[in-house]
Amino acid sequence: TDKTIEIATSFGAKIKSVRWRDDFSLARNRSLSMARHEWILVADADETLARGSGHALRRNTKNSAHDALLVSVDDMELGGYRIHHPIPRLFRNHLAIKFTGPIDESISDSLEGLGITAHTSGVHFIHKSYQEERLENKEARNTRFLRAALAANPTNLHCLHRLADMLPAPSAERRELNARAYRIAEALPAEERKQHAPYLPKIYAGYSASLSSAGRLSEALSVMARGKGMFPEVVELVFQHAELALKLGHFDCARTLYRRCLSAPKPAPRSAQRRQIRAAIGMTRAALGAGRIQEAFDGLDAIETMEPENPTAKALLFHVLAMSDQEEALVQELQACFDREELLTSDTLLFAGDYAWHEGDFAEAMELWRQAKGHDLAGREATCRLAFAEVGLSCGEDAATHLAQICDWDTKAASSRLCLAMITRQEPPNLDGALDSEHLLHELVPWLPMLADVGRHDLLEEFSKEAPGYTELVPHIDEILLGW
């Protein structure tokens with residue numbers, strides 16, 4: 001539709017048509033087989049050679065001692081930002097250099113296997129990003145290609161990792177794909193690990209994150225530690241370590257690890273830049289947890305620099321204002337979000353519900369949590385809040401429904417299983433060995449104060465009788481209840 005063939009033919013290019021098989025690497029490799037000159041430059045139809053790059057291109061192809069060179073693809077974002085992606089696109093015509101991957105096709109795996117390092121070339125392409133609707137079409141297309149590739153080869157690590165990465169974080173399919181990729185990675189002979197090195201650390205980080213989201217923190221830590229043992233400096237694993245430390249309340253450790261992520265070399269791919277923003281968000285959360293208010297404000301400034309009006313940062317601002325007793329400013333910020341629909345995110349609804357609960361407006365809190373429940377990212381947290389609020393307020397049928405949902409999501413949701421048994425007058429489940437005491441504390445901390453808020457000390461006493469290891473945690477729980 002953009003007349004690429006006609007334009008190329010007008011300049012004397014030889015055109016060869018091949019059948020499309022939903023795999024970009026197959027098409028790329030067919031073009032490589034047709035190349036006859038010493039050097040190959042790969043460009044997409046929507047990329048333009050940047051002004052001044054012609055000289056660098058001629059210099060490298062005449063004088064370079066290297067076999068592969070990085071071309072910077074400068075992606076022009078919709079907001080006017082420019083993102084630089086250094087990609088090996090200029091390389092010698094070598095029979096063993098091939099593209100891999102049905103999407104995001106690259107010669108990186110080939111270069112790794114051949115022991116070839118790609119060096120900077122000074123060549124730039126300008127690429128205009130997809131419009132939002134075209135980006136959605138691209139993601140749907142890529143998902144289809146990856147599924148087809150996995151149907152043909154179920155053990156393809158690259159496709160397992162990429163498909164899992166494209167699916168919503170809370171989904172069961174994403175967890176299963178991450179688990180499959182991890183099992184395959186663990187079974188790889190040592191000599192094959194180098195071949196998969198570019199994305200092997202991401203597989204360990206991804207599976208650890210999936211375990212963490214399911215509440216299996218001890219296993220998540222084990223997988224993360226195994227990955228870091230092999231790839232100690234890979235930022236994806238450092239980031240996952242920070243996320244786990246934050247989740248376990250090890251705030252100073254989390255702050256240190258997030259700083260390492262932020263001080264890593266400036267990332268190029270969009271996913272890596274998103275991780276930088278998430279690291280800044282995590283460091284702000286850790287600073288809040290450690291009671292470092294000014295550091296939290298600094299973290300919010302850093303997020304604003306990277307991504308103005310980030311919705312998660314806006315929700316974090318609420319927490320910082322609340323902790324610094326700036327109630328008037330907090331109310332104004334909340335009202336501003338409710339006045340602007342685009343700022344009314346799941347995080348905002350969750351916090352607004354929490355705020356209403358603390359103010360004693362339980363009905364308003366539950367209504368806000370019901371609205372947040374409709375958001376994928378906050379659905380689980382909102383459901384947990386609703387469940388324990390309903391337990392405390394004796395809304396038995398609704399509470400049972402929400403608790404059952406939580407138990408379906410997480411077979412080790414001990415506090416939910418205990419509550420469900422208590423309100424339905426069933427025999428308490430056998431939770432021996434279901435989870436360690438640290439995990440139990442992590443799981444119970446958000447919900448027990450809610451029961452105390454509505455005067456349900458009878459339920460707190462039942463927990464003390466039934467929960468494994470609960471009595472060891474009583475001093476911690478008392479501190480939390482007093483502080484609440």
Side-chain angles (χ1 to χ4, degrees), residues 238-239 241-264 274-340 343-361 365 368 372 377-378 381 385 441-442 444-450 452-453 475-484:
V238 176
F239 176 79
H241 190 179
E243 294 279 273
L244 289 170
L246 178 62
K247 202 164 190 178
L248 288 166
H250 302 162
F251 300 122
D252 288 332
C253 176
R255 288 166 53 235
T256 300
L257 291 165
Y258 283 127
R259 281 200 190 95
R260 281 180 59 189
C261 295
L262 289 168
S263 63
R274 295 300 308 168
R275 187 179 58 249
Q276 289 283 95
I277 294 170
R278 288 177 61 199
I281 289 170
M283 194 169 74
T284 305
R285 289 188 193 278
L288 269 174
R292 299 173 180 267
I293 302 301
Q294 186 54 54
E295 188 175 316
F297 275 118
D298 293 342
L300 291 172
D301 289 340
I303 300 166
E304 179 71 15
T305 300
M306 289 187 274
E307 186 179 28
E309 293 202 344
N310 177 282
T312 304
K314 178 65 72 174
L316 277 173
L317 175 62
F318 303 149
H319 290 279
V320 177
L321 292 173
M323 285 189 68
S324 56
D325 295 323
Q326 299 184 49
E327 185 165 357
E328 186 177 341
L330 171 61
V331 172
Q332 289 176 352
E333 289 288 346
L334 277 172
Q335 187 59 53
C337 286
F338 278 88
D339 290 342
R340 291 178 59 189
L343 294 179
L344 196 57
T345 65
S346 55
D347 285 326
T348 302
L349 289 166
L350 280 174
F351 181 87
D354 295 348
Y355 184 76
W357 183 271
H358 289 305
E359 292 294 302
D361 193 344
L368 289 164
L377 293 177
E381 286 189 60
R385 283 165 166 76
L441 174 62
H442 168 76
L444 292 175
V445 161
W447 318 129
L448 293 184
M450 292 181 68
D453 282 341
H476 301 287
I477 298 299
D478 287 344
E479 290 173 18
I480 293 160
L481 293 178
L482 287 171
W484 194 261

- Message: A side-chain contact here means heavy atoms from C-beta on lying under 4.5 Å apart; do Thr312 and Arg285 qualify?
- Response: yes
- Item | CG on Leu350 to CG on Leu368, rounded to 0.5 Å | 9.5 Å
- Message: Do Arg292 and Asp252 have side chains that approach each other closer than 4.5 Å (heavy atoms only, starting at C-beta)?
- Response: yes
- Message: One pair to check against side chain to side chain contact (heavy atoms under 4.5 Å, CB included): Tyr355 and Asp361. What are the steps and the verdict?
- Response: CA-CA 9 Å; Tyr355 184 76; Asp361 193 344; over 6 Å; no
- Here the pair of heavy atoms bringing Ala296 nearest to Val320 is CB-CG2, 3.8 Å
- For Phe251, ring pair (Phe, Tyr, Trp, His ring centres under 6.0 Å) partners two or more places apart: none
- Mind listing the closest non-hydrogen atom pair of Ala254 and Ala242 along with its distance? CB-O, 3.8 Å
- Could you give the distance from CG (Leu330) to NE2 (His319), rounded to the nearest 0.5 Å? 9.5 Å
- Message: Just so I know, are the side chains of Lys247 and Glu243 near enough to count as touching, which here means a heavy-atom distance under 4.5 Å?
- Response: no
- Message: Quick check for you: to the nearest 0.5 Å, what is the distance between Leu334 atom CG and Glu327 atom CD?
- Response: 10.0 Å
- Item | CG on Leu244 to CG on Leu257, rounded to 0.5 Å | 10.0 Å
- Considering all heavy atoms of both residues, which atom of Ala365 and which atom of Gly353 are nearest to each other, and what is their separation? CB-O, 3.2 Å
- Task: Quick one: do Asp354 and Glu359 satisfy side chain to side chain contact (heavy atoms under 4.5 Å, CB included)? Show the steps, please.
- Result: CA-CA 9 Å; Asp354 295 348; Glu359 292 294 302; over 6 Å; no
- Query: Stepwise, does the side chain to side chain contact (heavy atoms under 4.5 Å, CB included) test hold for Asp339 with Gln335?
  - Reply: CA-CA 6 Å; Asp339 290 342; Gln335 187 59 53; 3.0 Å; yes
- Exercise: identify the closest heavy-atom pair between Ala280 and Ile303: CB-CG1, 3.7 Å
- For the atom pair CD1 (Ile277) and OG1 (Thr305), what is the distance rounded to the nearest 0.5 Å? 11.0 Å
- Query: Sequence neighbours excluded, which residues qualify as side chain to side chain contact (heavy atoms under 4.5 Å, CB included) partners of Arg259?
  - Reply: Arg255, Met283, Glu295
- For residues 274-318, pull every pair meeting ring-ring contact (aromatic ring centres under 6.0 Å, His included), keeping only residues two or more places apart or in separate chains. Phe318-Phe351
- Query: What distance separates Thr256 OG1 from His241 NE2, expressed to the nearest 0.5 Å?
  - Reply: 10.0 Å
